[in-house]
Amino acid sequence: MRTLILGFDAFDPELFESLLERGKMPNLDKYVQSKGYRHFTVANPPQSEVSWTSIATGLDPGGHGIFDFVHRNPANYALNVSLLPTKDNILGTHFVPPSNARTIFEQATRKGYQATALWWPATFPARVDLPVRTFPGLGTPDIQGKLGVGSLFTLDGDLKQEGYKTSIDTFESQGQDLFTGRLQGPSKKNENAILEFSLQGLDEECARLRIGGHDLRLRKGEWSDIIELSFKLGLFVSVRAVTRVILTAVEPEPRLYFLPLQIHPLRSPWRYATPSGFVKETWKEDGPFLTLGWPQDTTGLEEGWIDDDQFLALCQSIADKRERILFHQLENFDEGILASVFDSLDRLQHMFLRDRRDLIEAWYMRLDALVGRVEKSIPRKGQNPARILVVSDHGFAEFNQKVHLNRWLVEHGYLAPEPGHDEQNLRGVDWSNTQAYALGLNSLYFNLEKREGQGCVPPDQMERLSRQLSEELLAWQDANGKSIVQRVYPRQEVFSGSLAEYGPDFVIGYAPGYRASSDTGLGKWDDKTLEPNHDHWGADHCIDPQAVPGVLFCNRSLQDFPQPSYRDFPQLAIEMPVETKDVSPPPSSGGSEDDEILEERLKSLGYL
């Protein structure tokens, strides 16, 4: 067996076919001509962490236990971070794997083959009990345990009061164009470790940054190389981190922006990747790389700390390094399974699909060219070429209206706010009069007796409530008569397996153009049910999965798979059926962290 998987996150079939018709996708056209192309049925909901886990396991969320970016604790309605669940032990709070369902990579190693998964989502922290070589993707935190928040330094102290996600600190002016600052690192006891630095203005375009033993000449608008920093947590304890920094302004006042401080793969406080020798070799041979699960800093772009060109340059460098690492692995790819996920296209479409289609098309063509270069680089071995699979986890759609689903539930009498409670969130709910609530980007739960902590819906009323609520959601239209919800999926229709009972009661399939608001994702609501989306983040995929199918390409005919889905992927990749085992329930955020910390962690992800 020799299978190469190229995971093109968010590669959309409609956009691909438009480019194909214009002759812009010559390498993937070969797959189309040889009957090796199909639309790909993705998981429901079509969220990346859900979909990639379904592709890796052949299971729906009821089999692997990841249902949404946000899970809930039914006992107290608290938020849980599905990608980064936590537990406490004698050493404190630590991260645990979000799922232990058996993947194609584990199955391959059980048959004696080598398996490598590069940047695959929901694989942090690394499982040292498995002989799979891994670099984790989406879900890998920064050194502060968040999903990625950068740091801005400025002289404008008022910015600190404006509620940005980004950490904002002020310079201290030392005169003669010299400024000093204090970069906040990982937590220690009740504060953060600090690394002091200085910034010396040189001219209108350049400044010198001295930090952690580095002496960097920064040019305005250009990213530094990856730098390694060390933060002291105690007399004999320090934590290493990697980041990049950019000088975004010199005159009339300096602005300096650091990417989120990311795990150093050779000095990680958590189990970053496996095995350690694989990580060391890659770092040595291919050079430093960013480790955050979402390294393309959409938050920095959304909040205006970096501009479009700077964001694009960052995405380009991330993709370049991942390509280099992949080609290094291909040099000795004689057997087994090798997978690499490329996710910059997803981030670019979130930020530019609405307004910069030319830029998006150029990235599709870049990925097509990558396929051609990969084909030429795979070592030949006998008469049987390697099996090549190119797959995406979902397509894409414009995101024009934010849906405040909890506000709609309030207005229709399904969710009752606590009288006199000013906050519009689940902490201010009269549960004795609440039948349903929304939490996550596609999830809706019934307030069921004996399941939810203060449940009031009797089990014998579930069928009636389900039918009534579904009918009203499907009848919901905006001022122009457009349906907001395309389909409502009851749990029993979309989830199977031993973990189905942990999922939401409804998966909400929003119509293209609509998506749950960030407030909805966090169990909150606004004063209106709909809000125009004027954000830079102007496109999304967390809607009805039928509206955002993925793609599947294979260098062998797919005639035996006329409508392939994630359930077929184990057979396609390793010629083995889906393998189920006793899977643990989805772990909750069971550590000692409070709700504010968990909400802050969730908000550091671009979706929320």
Notebook entry, point to check: Does CD in Glu204 sit with more than 12 non-hydrogen atoms of other residues, nucleotides or ligands closer than 6.0 Å?
Noted result: no

Can a salt bridge be assigned to the pair Asp215 and Arg208 using a cut-off of 4.0 Å between side-chain N and carboxylate O? yes

Would you kindly say whether Gln144 and Asp142 are connected by a side-chain donor-acceptor distance under 3.5 Å? no

Just distance, no hydrogens or angles: give the donor-acceptor pairs under 3.5 Å from side chains in residues 249-258, sequence neighbours left out.
from: Glu253; atom 1: OE2; to: Thr154; atom 2: OG1; distance (Å): 3.4
from: Tyr257; atom 1: OH; to: Asp297; atom 2: OD2; distance (Å): 2.4

- prompt: Going through the checks in order, is the side-chain hydrogen bond (donor to acceptor under 3.5 Å, both in side chains) test met by Arg407 and Gln424?
  reply: CA-CA 9 Å; Arg407 166 54 64 186; Gln424 298 186 125; 2.7 Å; yes

The single option from Arg210, Gln174, Glu196 that satisfies side-chain hydrogen bond (donor to acceptor under 3.5 Å, both in side chains) with Thr180 is Gln174

Counting neighbours of CZ on Arg182 that are heavy atoms of other residues, nucleotides or ligands and sit closer than 6.0 Å, is the number greater than 12? no

Margin query: As a quick check of understanding, evaluate salt bridge (Lys or Arg N to Asp or Glu O under 4.0 Å) for Lys165 and Glu303, giving each step before the final call.
Written below: CA-CA 8 Å; Lys165 294 181 183 180; Glu303 296 187 342; over 6 Å; no

- Message: Would you say Gln349 and Tyr364 are linked by a side-chain donor-acceptor pair, where the criterion is simply a distance under 3.5 Å?
- Response: yes

Identify whether the distance between the nearest side-chain nitrogen and carboxylate oxygen of Lys524 and Glu599 falls below 4.0 Å. yes

Arg127, CZ: over 12 other non-hydrogen atoms inside 6.0 angstrom: yes

Quiz item: Mind checking whether Tyr437 and Tyr445 have parallel, tilted or perpendicular rings, split at 30° and 60°?
Solution: parallel

Between Lys402 and the options Asp540, Asp535, Asp526, the salt bridge (charged side-chain N to carboxylate O under 4.0 Å, His left out) test singles out Asp535

Original post:
Parallel under 30°, tilted from 30 to 60°, perpendicular over 60°: which one fits the rings of Phe124 and Trp270?
Top reply: perpendicular

Salt bridge between Arg356 and Asp358, side-chain N to carboxylate O under 4.0 Å? yes

*Using the ring of each side chain (for Trp, its six-membered ring), is Phe153 parallel, tilted or perpendicular to Phe171, with breaks at 30° and 60°?*
tilted

Between Ile543 and Tyr514, is there a side-chain heavy-atom distance shorter than 4.5 Å? no

| message | Side chains of His71 and Tyr502, heavy atoms from C-beta outward: is any pair under 4.5 Å? | response | no

Notebook entry, point to check: Between Met351 and Glu302, is any pair of side-chain heavy atoms under 4.5 Å apart?
Noted result: yes

### Query
Do Phe352 and His536 make the cut of ring centroids closer than 6.0 angstrom?
yes

Check your understanding: So do Trp294 and Asp343 actually touch side chain to side chain, heavy atoms under 4.5 Å?
Key -> no

| query | Within a strict 4.5 Å, meaning less than it, do heavy atoms of the Leu229 and Leu183 side chains meet? | reply | yes

Exercise. Going by atom types alone, do Gln296 and Asp346 pair a side-chain donor with an acceptor below 3.5 Å?
Worked result: no

Contacts of Phe69 meeting ring-ring contact (aromatic ring centres under 6.0 Å, His included) (sequence neighbours excluded), chain-then-number -> Tyr607

Requested in this report: Taking the side chain as every heavy atom from C-beta outward, state whether Thr248 and Gln310 have any pair of such atoms under 4.5 Å apart.
Outcome: yes

Would you call Lys220 and Glu205 a salt bridge, using N to O less than 4.0 angstrom? yes

Quick one, His541 and His350 - any side-chain contact, counting heavy atoms below 4.5 Å? yes

